[in-house]
Amino acid sequence: MPEDYKETLNLPNTNFPMKANLSEREPLILNFWKENKIYEKLQQNNRAKNKGQFILHDGPPYANGHIHIGHALNKILKDIIVKYHSMTGLYCPFVPGWDCHGLPIELQVDKSLGKDKEKVDILKKRQLCREYAEKFINIQRDEFVRLGVFGYWDNPYITMSNDYEATIVREFLTFVKNGYVYRGKKPVYWCPSCVTALADAEVEYAEKESPSIFVSFEVIDKDRFPLKDQSLYVVIWTTTPWTLPANLALAVHPDFDYVGIKTSKGVILIVKEAIKNLKDKIELDEKPIFEVKGSYLEGIKTKHPFVDRVSKIVTADFVETGEGSGIVHIAPGHGMEDYEVGLKYGLEIYAPVDDRGKFTEEVTYFAGQNIFVANSQIIDLLKEKGLLLWEGKVTHSYPHCWRCKKPVIFRATTQWFISMKHENLRERALEEIDKVRWIPHWGRERIYSMVERRPDWCLSRQRSWGVPITLFVCKKCEQVLIDETLFNKIEKLVEQEGSDVWFRLDLEELLPDYSCQKCGSKEFQKEKDILDVWFDSGVSHAAVLEKNKDLSWPADMYLEGSDQHRGWFQSSLIASLGNKGKAPYRIVLTHGFTVDGQGRKMSKSLGNVIAPQEIIKGNGADIVRLWVSAEDYRDDIKLSKEILSRLTEAYRKIRNTLRYLLGNIYDFDGKDYSHNLLEIDKWAMLKLQKLIGKVKKAYEEFEFHQVFHAIHNFCVTDMSAFYLDILKDRLYTFKADSSERRAAQWVLYQIAESLIKLISPILSFTAEEAWQHLPFKKTESVFLDEMPELDKGYLDDDLEKRWERLIEIRDEVNKALEIKRQEKFIGNSLEAKIIIKAKDDLIQFLKPYYEFLPTLFIVSQVDVIPEHLEKEEFIIEIEKAEGQKCQRCWNYSPMVGALEIPQLCPRCYHVLKS
RNA sequence: GGGCCUAUAGCUCAGUAGGUUAGAGCGCACCCCUGAUAAGGGUGAGGUGGUUGGUUCGAUUCCAACUAGGCCCA
């Protein structure tokens with residue numbers, strides 16, 4: 001019976017478990033961070049270091065519902081950046097925030113109120129909204145914390161706090177004071193039955209039957225066309241005859257071809273393609289009398305069919321030829337596209353329809369009439385005037401009120417705007433865009449073209465849950481009251497009592513004894529609208545960066561999904577520009593959206609949604625974090641079961657590499673063995689330096705998927721399959737305190753320590769867990785230490801080249817071994833002896849490594865024989881290793897059996913003897 | 001319909017300022033080991049580079065169109 005020599009080996013030993021069990025272990029680590037105030041210590045330390053700072057300003061998610069995978073992606077990306085920069089010694093306080101006001105919450109509250117919602121007083125309703133937001137802030141906070149995101153979670157910024165609301169009021173009033181804010185008209189969805197404006201989200205589409213009519217507008221400047229005394233009529237098609245009284249223009253497409261066609265009702269002007277639409281409706285001669293481009297028609301005057309007014313022809317790109325006549329009737333007060341055309345041509349935003357859907361007094365024939373009822377009367381009038389070309393019915397998808405289910409209308413109402421023209425706001429915004437670094441670079445194009453063509457910012461909403469527009473308007477002359485003292489007073493009030501105060505106090509209490517600056521009247525109206533929530537979050541730079549003394553203005557970085565080019569990046573830019581004249585950020589980084597394995601968006605209806613909570617439960621938050629790092633966020637980010645399973649494999653590899661490293665330094669003495677390194681150890685140190693360099697560069701450039709790939713490759717290729725495999729013999733069989741083994745342990749220690757730090761911004765939980773198993777660590781948490789420094793002393797091009805060659809030879813040896821293994825000639829590679837027949841230069845190259853080659857190949861013996869070869873540089877032959885297997889180190893040696901202990905080779909014999 | 005973006009092996013990513021057989025890791029298949037063991041090692045098979053045209057002696061790399069997908073608008 002051979003003695004059990006296993007006991008005499010130095011086998012790996014660690015409490016760092018192989019099985020991660022993240023879903024159970026992560027909460028313990030969270031607890032460790034919390035109890036030991038690791039985040040607070042990190043902030044204190046770095047502030048004291050005085051090495052500079054990196055402020056990533058959190059964009060506030062909406063406080064509604066649980067977090068989804070997109071939230072997780074966003075916050076983890078931020079966390080990776082903040083943690084990495086913190087670990088380079090920079091001061092990086094992260095203050096998370098929430099966006100609290102706005103329609104979605106108000107609608108949820110309305111829903112829960114049911115029928116009572118009409119009766120409940122605004123303050124009560126706002127209270128319910130506040131409670132609703134608070135509830136979800138707490139939920140989301142826990143969920144973000146669970147992901148391992150570091151930050152001031154106990155002291156976030158909240159857009160409904162008194163402080164924040166006061167900033168909103170102040171910033172808004174500053175815009176007012178500086179002359180940016182004006183009142184204007186803009187069409188909104190309006191329900192005449194509920195007498196209220198509706199948001200897009202409150203509109204449902206349903207089938208509706210409407211009249212379908214072709215109407216003629218007589219051309220005044222008919223001498224511009226080749227006609228003989230005949231009248232010419234421009235024909236439009238509409239399904240809303242009631243908007244005709246508000247008609248102010250006719251739109252054609254500048255590039256389309258328009259023709260004059262002879263019909264039973266005179267010569268009409270339509271787009272060429274529309275002949276087919278009309279030929280079965282009226283008698284017409286398909287051969288045109290003349291043909292002109294749409295652009296030729298611009299400026300042509302026509303007579304309104306029944307109002308004493310001129311309608312000019314304008315051009316617009318949205319005109320289509322599918323249905324109708326290719327000429328669109330424009331009522332700027334009753335349609336979005338019409339509105340924009342109206343702005344472009346300076347037309348009045350005219351909507352002579354009241355709250356209840358009745359024509360106002362100024363409308364001839366139909367004043368006081370309900371607009372839908374008036375439809376048929378308008379048709380009758382057109383018929384009477386001989387200007388109705390054709391009449392029919394159409395069933396189409398039409399917007400309806402989601403509450404009363406009745407058809408809604410587009411109606412221009414008075415709104416508050418920020419002018420993009422005032423003080424060259426638009427141009428200044430464009431200039432600032434060019435001073436910001438956009439990642440990826442095309443973000444610049446995107447926001448630039450949006451700002452270039454965006455309309456004035458409509459700030460007002462006819463709603464309850466938001467910050468009020470704190471203005472007073474003179475009842476008599478409509479002048480807005482602008483008074484610094486008054487503005488300061490309002491701001492103070494909001495700071496003390498919250499913006500509820502605007503609704504709670506009467507006009508008289510808010511505004512004692514003022515007279516209009518223009519007409520002297522003492523009667524004012526308190527504005528009832530609230531501010532667009534984009535204004536709320538747009539001023540976060542002032543409410544957070546500026547007010548919080550831990551932070552500073554401007555931010556180094558804003559980081560959000562690419563949808564925010566239209567949203568927060570833009571609102572922040574404008575808000576900041578109006579009052580500070582500069583962009584509030586230096587770098588803006590955007591990421592794509594999460595999609596499924598096929599690249600399709602995640603949606604309930606497709607059933608392809610993967611929730612972060614699910615992954616945390618099944619795999620752990622570190623797997624979510626690893627996913628965030630592994631994917632290139634600039635594109636859409638895919639997530640699927642397969643991706644998760646690949647990532648879990650990769651995670652295990654990294655974890656096991658760490659475990660093996662830790663397992664082999666269990667008895668390390670912590671001394672410096674850097675002068676005892678073998679060449680392979682120097683190679684390992686070189687590879688580590690390369691990794692450190694590559695990973696830090698990737699972090700600096702925000703290319704986290706490069707971090708992941710570099711680390712994974714290092715673990716798999718350089719460590720597991722090469723260095724660690726070769727090292728086993730030395731670590732296990734050499735004398736425990738021999739300088740060779742200690743040197744190896746020293747290297748493993750360097751690798752372990754560096755690797756843990758390098759992964760910590762991504763695999764935060766695992767890194768902390770491993771750190772706690774690392775002996776001789778300098779800090780109580782990995783996050784309190786700094787990123788490893790690249791030690792250039794280990795960079796050695798010659799050594800690197802030599803080892804590349806050695807590895808190539810090793811690959812050839814492995815191929816030869818594999819053939820023999822498949823032939824069942826050998827099993828374990830230690831059963832083999834390698835014979836390398838080589839040309840002279842290779843012989844010379846290998847000479848210094850003769851003794852090392854068996855270790856390198858993990859075989860028992862290697863013979864190198866000079867040979868004259870024609871093609872190849874060398875040939876490899878495999879024989880059975882000579883001698884017997886040493887029962888301790890498993891190497892074969894002719895000396896086994898020749899010693900005092902016959903089971904052992906000389907090396908093991910001496911180790912045991914001493 | 002418009003603006004911006006993406007499209008390389010089953011998966012995640014490299015790469016070519018246009019030039020011989022397009023790389024890595026994972027996964028997969030087969031084999032070995034049982035002293036990292038719900039681990040470890042080895043070998044191997046996988047790509048008409050979304051499609052179609054164009055420029056060029058030559059395109060995965062440049063250009064255009066199309067298709068599919070994403071974000072934002074309409």
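The sequence lines fix the lettering, A, B, ..., with proteins before strands; numbering per chain opens at 1. All figures in this text were calculated on a predicted structure; none of them were measured in a lab. When reading the values below, keep in mind they use all heavy atoms of this one structure, side chains included, and skip hydrogens, waters and symmetry mates.
Checking side-chain atoms of A:Y651 against main-chain N and O of A:A20 turns up no donor-acceptor pair under 3.5 Å. Judged by distance alone, the side chain of A:K880 and the main-chain N or O of A:F825 form a donor-acceptor pair under 3.5 Å.
Heavy-atom contacts from other residues, nucleotides or ligands closer than 6.0 Å to CG of A:N15 number 12 or fewer.
Checking B:U43 for Watson-Crick or G-U wobble geometry (two distances, each under 3.5 Å) identifies B:A29 as its partner. With a cut-off of 3.5 Å on both Watson-Crick or G-U wobble distances, the partner of B:G1 is given as B:C73. With both pairing distances under 3.5 Å, B:U21 is matched to nothing as a Watson-Crick or G-U wobble pair. Searching all strands for a Watson-Crick or G-U wobble partner of B:C62 with both distances below 3.5 Å returns B:G54.
Straight-line distance from the CG atom of A:D636 to the P atom of B:G69: 12 Å, rounded to whole Å. For the pair A:D596 CG and B:U6 P, the interatomic distance rounds to 20 Å; values are reported in whole Å.
Closest approach of A:R446 to A:S449, counting heavy atoms only: O-OG, 3.3 Å.
Among the nucleotides B:U43, B:G2, B:G35, the one closest to the side chain of A:R453 is B:G2. Among B:C71, B:G40, B:G69, the nucleotide with an atom closest to any side-chain atom of A:R600 is B:G69. Taking only side-chain atoms of A:D632, from C-beta outward, the nucleotide of B:U6, B:G42, B:A14 with the closest atom is B:A14. Distances were taken from every side-chain heavy atom of A:M18 (C-beta onward) to each of B:G70, B:A38, B:G35; the shortest belongs to B:A38. Each of B:C71, B:G35, B:U12 was ranked by its minimum atom distance to the side chain of A:D563; first place goes to B:C71. You'll find that the side chain of A:E631 is closest to B:C13, out of B:G69, B:C31, B:C13. Between B:A14, B:C73, B:G25, one nucleotide has an atom nearer to the side chain of A:N713 than all others, and that is B:G25. Counting only heavy atoms from C-beta on, A:K19 has its side chain closest to B:A38 among B:G3, B:C32, B:A38.
Comparing the C1' positions of B:C62 and B:A17 gives an interatomic distance of 11 Å, to the nearest angstrom. Taking atom C1' on both B:G70 and B:C28, the two are 31 Å apart, rounded to the nearest angstrom. B:G46 sits 12 Å from B:G10 when the P atoms are compared, rounded to a whole Å. B:G42 and B:A24 have their P atoms separated by 14 Å, with the value rounded to a whole Å. Between B:A14 and B:U56, the distance separating the two C1' atoms is 27 Å to the nearest Å. When the P atom is compared between B:U60 and B:G1, the two are found 30 Å apart, to the nearest whole Å. Taking the P atoms as reference points, B:C32 lies 44 Å from B:G19, given to the whole Å. Comparing B:U21 with B:C26, their P atoms sit 27 Å apart, to the nearest whole Å.
Ion pairing between a basic and an acidic side chain is recognised when a charged N comes within 4.0 Å of a carboxylate O; A:D563 and A:R566 show no such pairing.
Distances shown here put a side-chain N or O of A:Y732 below 4.0 Å from the OP1 or OP2 atom of B:A36.
Residues A:Q598 and A:K653 both approach RNA chain B. Their nearest nucleotides, taken by heavy-atom distance, put A:K653 toward the 5′ side.
Stacking here means ring centres nearer than 5.5 Å and ring planes tilted less than 30 degrees, and by that measure A:W890 stacks onto B:G35.
The base of B:A36 is paired with the side chain of A:S720 by a donor and an acceptor separated by under 3.5 Å. Counting distance only, with no hydrogens placed and no angle test, the side-chain atoms of A:R446 and the base atoms of B:C5 include no donor-acceptor pair under 3.5 Å.
For B:G46, the glycosidic angle deviates from 0 by 90° or less, giving a syn base.
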